[in-house]
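Input: a single structure, listed below in structure tokens.
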Protein chains: 4
Amino acid sequence: MSDTTEKEPQPRRRQARGERRIAQLLQAAAQVFCTTGYTAASTNAIAREAGVSPGTLYQFFPNKEAIAIELGDRLMHEMREAYGEALAPVDPATPLEEAIGSAVDRFMAFNTDHPVFFALMHGPDIPGRMAEAHAQLHTTVIGRIEALLGSLMPDATPADVSRTAHVCLGVYKAGLELVLSHEGAERAAYVQETKDVLIRYLEPLTGRRVGNPAVD
Amino acid sequence: MSDTTEKEPQPRRRQARGERRIAQLLQAAAQVFCTTGYTAASTNAIAREAGVSPGTLYQFFPNKEAIAIELGDRLMHEMREAYGEALAPVDPATPLEEAIGSAVDRFMAFNTDHPVFFALMHGPDIPGRMAEAHAQLHTTVIGRIEALLGSLMPDATPADVSRTAHVCLGVYKAGLELVLSHEGAERAAYVQETKDVLIRYLEPLTGRRVGNPAVD
Amino acid sequence: MSDTTEKEPQPRRRQARGERRIAQLLQAAAQVFCTTGYTAASTNAIAREAGVSPGTLYQFFPNKEAIAIELGDRLMHEMREAYGEALAPVDPATPLEEAIGSAVDRFMAFNTDHPVFFALMHGPDIPGRMAEAHAQLHTTVIGRIEALLGSLMPDATPADVSRTAHVCLGVYKAGLELVLSHEGAERAAYVQETKDVLIRYLEPLTGRRVGNPAVD
Amino acid sequence: MSDTTEKEPQPRRRQARGERRIAQLLQAAAQVFCTTGYTAASTNAIAREAGVSPGTLYQFFPNKEAIAIELGDRLMHEMREAYGEALAPVDPATPLEEAIGSAVDRFMAFNTDHPVFFALMHGPDIPGRMAEAHAQLHTTVIGRIEALLGSLMPDATPADVSRTAHVCLGVYKAGLELVLSHEGAERAAYVQETKDVLIRYLEPLTGRRVGNPAVD
DNA sequence: GATGAATGAGGATTCATTCAT
DNA sequence: TATGAATGAATCCTCATTCAT
């Protein structure tokens, strides 16, 4: 269902090229961010990677941060499209193990396919000082996790839910870093470890027992 | 927060002066790394912070990375001196909860007192591409954790132990980031969460139950 | 005895070279400002003209404006040193013609020797929007003229004196522009015209008549 | 004039539209020149201000300078249309005071209504090096003033007349700058001062006396 | 050993101008 | 014509590093 050939005679023919350039630039930026990190990435390097002149880059983005923001936005969008359900509140009937396992699998798959995501989450190298792009991504993701947890921790205060969400995200990012830096069986093993950490962490919080209909 | 009134009345050996300079520079570097992050830190800024000229800095360190390496080394050394026992193999009789709790407390205390440590662990912003300083620190720390875990997982393969160590470090770093970015009660809460994550993660691996001599 | 901080009045040996460089850079800046105007002058061009690298320029000046400011300051200083009397309140006994004639001669001489002065007065091309350097110069000069006029217009309000000062400066600058763009006899003629304009303008304001002790 | 259905190889329609575009662009250019000055004005900014694309601008003007030239031309034209008489040789019977007063009033009014004029006269920031547009404007204006003065200084040499014209223009520009940078009563006061300067300057040159049916 | 000067490549960004559609 | 994309040199400025004193 691509829009390459037939009918689109209407509003902007000009922007077709522009759209393409933007995509191209974002892809190049992703590449460069992954390779050198956000802080060290230079706009000239991005332009070079995209095979265009610096001026062209600035025709579409006012600065480096804007590139990261747009990249993050698109990533979030794509994620939502592809794995929307993974972010939806979980059916309480679903065993925790399964819920987490599938969520981690999905996110890991996405992050493995889009390693920039990690580079952006990682942030601009300044601990505690998150810039726009990063902050935006972070806020969105945390929100999603909070929503998820909300259905698992019905009795917890919002502050607790938020804290738990932050811990989960932190654990996930830590796991992701390990996953991304390994391959094959070892990578799979790290995926499993990440799941285990999360499952065991959340299990008591939810008042459920894995594989046990137990109560407290 | 630099030199206020420093008057050494005694004649020092040249080494002594050099040592003082180095300490001065490292302290300045720590400050700057924390403030701006490693990537964005400039050697000129470090020299300025130390109150010396750029030339002087390069008299003691061949480049920026060397500063980070030396800083990491000293940090490790200091850590070992101060909390050596926390890194020593644990008495199997110690309950896991207690062992982890005390280790996390010690490390968190150290990292809170020396925020550079985190900045260095965080690495030069290049995911997957750890530079010297980082790699060295990392290797040392991982080694320590492996040693620790070794006594807790006597039946595991080295690969498993190593993997578990990496996961623990990752979890710890994630927790540390959260701890450092909060204060007061919230910070304490995050410390506790970090412990919980680790405890619950390691508990089944060790074949023990917290406070329970029971077995699976 | 080593060189621990002794606050003896010789804090700079190093700065000898630096001082020279600064003078060199200011001279180059003067040259470039004259040639291309302040707005169009580039710091790289100034550095090139001075025969140094851009970095060197920025070791001494934080930006282009600072160069202009320092240049203006030095110019004012030099002017005061060389022609201080021309700026001092005039002996009321001095005939207006003579007072103005000598003041214009002195200033014209100075401005002819230091054409940058004009370029700086001319300002950054944006009417009404004077930047630091310009504003500073302007304020100082206006102040001088007001002082001069004060003794010639004892009965005028400060607002009138200020207005008259602005007009005089404007006339002088206009004359200077013409003087600088001509040479030889024509230049001399323009100097004379400038004097004439000012004399005739100020004459009735002072309640005196040139060469006439006569009527009102 | 704005018809559509026509099959001429050279329809006037084009011209009409082109004229409108040009006017649009010139107006935008005027706005931008006034706001940022000629040197700092960017063609992209002009195009944006005019609501067209950069390419369109270059369809009508080969470069930035050409815009300024055309703007100057139109301004001169408009001026001539509106205040033609002010530029015409003066009836020798007219008292100088009145002649100058009315001329200054007219020009000031025009310049106040069209502040670009000043921005253009001010020139491209390069003292002594007037670019095309500026030079053209300047030459035209000087010519007018020479014509004016011709009738007032019948006995002077052309060189003298030219010199006087330049001085008058300089004085006028200086006055204009002051006028434009003030408002209300103060502005009016500066207008009067400008007149006074010119009147007193020209009075003896013309061999007439203000308010006097003078003698030659 | 210490200093401050010097370097020059590189970074982000802008802009007059041209080109393809 | 009009458009918006494209260019690339030029702008200001920074920084790791080296040099002369």
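Letters A, B, ... mirror the listed sequences (proteins, then strands); counts begin at 1.
Nearest heavy atoms, A:I67 versus A:A29: CG2-CB, 3.5 Å. Looking at every heavy atom in both residues, D:L120 comes nearest to D:F33 through CD2-CD1, 4.2 Å.
The shortest side-chain heavy-atom distance between B:F60 and B:E19 does not fall under the 4.5 Å cut-off. Contact annotation: the side chain of D:L71 never approaches that of D:F61 to less than 4.5 Å [non-hydrogen atoms, C-beta and beyond]. Using a 4.5 Å heavy-atom cutoff, the side chains of C:H77 and C:D73 are not in contact.
Separating the CG atom of C:N44 from the C1' atom of E:dG10 is a distance of 12 Å, rounded to the nearest angstrom. Computed from coordinates, the A:E19 CD to F:dT3 P distance equals 19 Å when rounded to whole Å. Between D:I46 atom CD1 and E:dA16 atom P the separation is 8 Å, expressed in whole Å. Across the protein-nucleic acid pair, C:R20 atom CZ and F:dT21 atom C1' stand 11 Å apart, rounded to whole Å. Note: CG (C:L25) to P (E:dG4) measures 18 Å, nearest angstrom. If you take CD of D:E65 and P of E:dC15, they are 18 Å apart, rounded to a whole angstrom. As rounded to whole Å, 16 Å separates atom P of F:dT18 from atom CD of C:Q59. Regarding C:R48, its CZ atom lies at a distance of 9 Å from the P atom of F:dA10, rounded to whole Å.
The residue among C:P54 and B:K64 whose nearest nucleotide of DNA chain F lies closer to the 5′ end is C:P54. With the nearest nucleotide of DNA chain F identified for both B:P62 and A:G55, A:G55 has the one nearer the 5' end.
Within the nucleic acid shown, B:A47 has no heavy atom closer than 4.0 Å to any nucleic acid atom. Here D:A41 lies in heavy-atom contact (under 4.0 Å) with sugar-phosphate atoms only. Note on D:F60: only backbone sugar-phosphate atoms sit closer than 4.0 angstrom, heavy atoms only; bases stay farther off.
Environment of CD in D:Q24: crowded, with over 12 heavy atoms of neighbouring residues, nucleotides or ligands closer than 6.0 Å.
OP1 and OP2 of F:dG4 both lie 4.0 Å or more from every side-chain N or O belonging to A:R17. Not one side-chain nitrogen or oxygen of B:T43 sits closer than 4.0 Å to the OP1 or OP2 atom of F:dC15. Of the side-chain N and O atoms in A:S42, one or more sit less than 4.0 angstrom from OP1 or OP2 of E:dA12. Of the side-chain N and O atoms in A:S53, none sit less than 4.0 angstrom from OP1 or OP2 of F:dA6. Phosphate proximity of E:dT14 to A:Y58: absent, as no side-chain N or O sits under 4.0 Å from OP1 or OP2. Applying the 4.0 Å criterion to OP1 and OP2 of F:dT1, one finds that D:T56 has every side-chain N and O outside that range.
DNA chain F contains the following stems of three or more consecutive Watson-Crick or G-U pairs, with both distances under 3.5 Å: E:2-21 with F:2-21.
No donor-acceptor pair under 3.5 Å is formed between the side chain of D:T56 and the backbone N or O of D:V52.
Note on A:E78 versus A:R74: no salt bridge recorded, every NZ/NE/NH1/NH2 to OD/OE distance being 4.0 Å or above.
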